[in-house]
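The next block holds one structure in the form of structure tokens; read it before the comments.
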Amino acid sequence: MAELGVYEALGTLRAVRRLKPDPIPDDVLRRVLEAASWAPTGGNRQPWRAVVVKDPARKARLGALYAQQWAPFAKRYRAALPDDTPAEARERLEKMIGSGDYLAQHFGESPAVLIFCFNPNEMAITDAGLDRPSVVGGGSVYPAVQNALIACRAEGLGCVLTTLLCFAEAEVRQLLDIPDPWATCAAVPIGYPMKKGHGPIRRRPVGELAFLDRFGAPLA
């Protein structure tokens, strides 16, 4: 398989929710996890771990928990769509929800599910005392998740990052024997794409996301 350039990998890293049940070779999984291990973390503490779930019974239970959490989200997504939504936008959203429905129905059939965990005692959470939601701790975890996603793209694997299982964290921790004080922060079902898989992604233009010298100032 020809190697992808980093910009091509980033620019085509779609959320792939329709996965074949074909097994993933162990050496491919190890490369994905090694890529995750290269991610930066605060103080180089690497306060994250990944449980690679391949056992059919455990995957089935994760799938059932995921489906329970997805159902109300899908209902709200559909209900929030205005009647005057342009046809193209409606079609895109319906397609996204449909792929989400498929994942919820087949989550437990994914060849592997990566459950990312973190230890809050090993994090320098510099925004913990601010009067807003704390996010800094995630900077020592989610780069590893992103590295794994990019590595999946390079290996021809489909993947998607989801946090819905955090709503069922108690059950997930018990199912996977995750000890205190470790908690969960992401689930990534991975497998070979059932359809086309990756391709060009749709995002806001850079000019809406990045500014020069002060917030809101146009980027040159």
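Here the structure is a predicted model, which means the values were calculated and not measured.
Counted by atom type alone, T12 and R153 present one or more donor-acceptor pairs between their side chains at under 3.5 Å. A donor-acceptor contact under 3.5 angstrom links the side chains of D101 and W70, judged on distance only. Q46 and T41 form no side-chain donor-acceptor contact under 3.5 Å, judged by distance and modelled atom types alone.
Here the side chains of V113 and I190 are not in contact, with every heavy-atom distance at 4.5 Å or above. Contact of the C185 side chain with the T163 side chain is not registered, since no non-hydrogen atoms from C-beta on lie closer than 4.5 Å. A heavy-atom distance below 4.5 Å is not found between the side chains of V16 and M194. A 4.5 Å side-chain heavy-atom check between V206 and L209 finds every atom pair outside the cut-off. Two residues are said to be in side-chain contact when any heavy atoms from C-beta on lie closer than 4.5 Å; K195 and P193 fail this criterion. Counting heavy atoms from C-beta outward, P23 and P111 have side chains that stay 4.5 Å or more apart. Looking at heavy atoms from C-beta onward, N147 lies in side-chain contact with W38 at the 4.5 angstrom threshold. Side-chain atoms of H198 and L13, non-hydrogen and from C-beta on, do get closer than 4.5 Å to each other.
Across T162 and P189, no two heavy atoms sit closer than the pair CG2-CD, 4.4 Å. In terms of heavy-atom proximity, I201 sits nearest to L10 at CD1-O, 3.6 Å. Listed here is the closest heavy atom pair of W182 and P47: CZ3-O, 3.5 Å. Scanning all heavy atoms of the two residues, the minimum distance from V145 to A186 falls at CG2-CB, 4.3 Å. Across all non-hydrogen atoms, the minimal contact from A187 to F107 is CB-CZ, 4.5 Å. Across A210 and L219, no two heavy atoms sit closer than the pair O-CB, 3.7 Å.
In this structure, F73 and F167 have tilted ring planes: the angle between them lies in the 30° to 60° band.
Atoms CG and OG, on N44 and S140 in that order, are 9.5 Å from each other to the nearest 0.5 Å. A distance of 9.0 Å separates CD1 of I115 from CG of L175, quoted to the nearest 0.5 Å. Atoms OG1 and CD, on T184 and E171 in that order, are 10.5 Å from each other to the nearest 0.5 Å. Taken to the nearest 0.5 Å, the OG atom of S110 stands 9.5 Å off from the CG atom of L62. The CZ atom of R14 sits 11.0 Å away from the OG atom of S99 when rounded to the nearest 0.5 Å. Here the CG atom belonging to L176 is positioned 7.0 Å from the CZ atom belonging to R58, to the nearest 0.5 angstrom.
Tracing side-chain contacts under 4.5 Å through hydrophobic residues (I, L, V, M, F, W, Y), one never reaches L164 starting from F116; they form parts of separate clusters. Note on L165 and V141: separate hydrophobic clusters, where clusters join Ile, Leu, Val, Met, Phe, Trp and Tyr whose side-chain heavy atoms are under 4.5 Å apart, directly or indirectly. When the side chains of ILVMFWY residues are joined at heavy-atom separations under 4.5 Å, either directly or via intervening members, V53 and L29 end up in two distinct hydrophobic clusters. Put simply, L19 and L161 are part of two different groups of oily side chains (I, L, V, M, F, W, Y) that touch within less than 4.5 Å, one to the next. I24 and V160 are not part of a single hydrophobic cluster, where members link through side-chain heavy atoms under 4.5 Å apart.
Atom CZ of R204 has 12 or fewer neighbouring heavy atoms from other residues, nucleotides or ligands inside a 6.0 Å radius. Counting heavy-atom neighbours within 6.0 Å of R132 CZ, excluding the residue itself, gives a total above 12. No more than 12 heavy atoms of other residues, nucleotides or ligands shown are found within 6.0 angstrom of CD on E91. Within 6.0 Å of atom CD in Q174, 12 or fewer heavy atoms from other residues, nucleotides or ligands are found, so the atom counts as exposed in its surroundings.
Note on R61 versus D55: no salt bridge recorded, every NZ/NE/NH1/NH2 to OD/OE distance being 4.0 Å or above. A salt bridge links E88 and R92; the closest N-O separation between the charged side-chain nitrogens and carboxylate oxygens is under 4.0 Å. The existence of a salt bridge linking R31 and D27 is confirmed by a sub-4.0 Å separation between a basic side-chain nitrogen and an acidic carboxylate oxygen.
The cationic atom of R17 (NZ for Lys, CZ for Arg) does not lie both less than 6.0 Å from the six-membered ring centre of Y102 and within 45° of the ring axis.
Taking the six-membered ring for Trp and the full ring otherwise, the centers of F118 and W48 sit at least 6.0 Å from each other.
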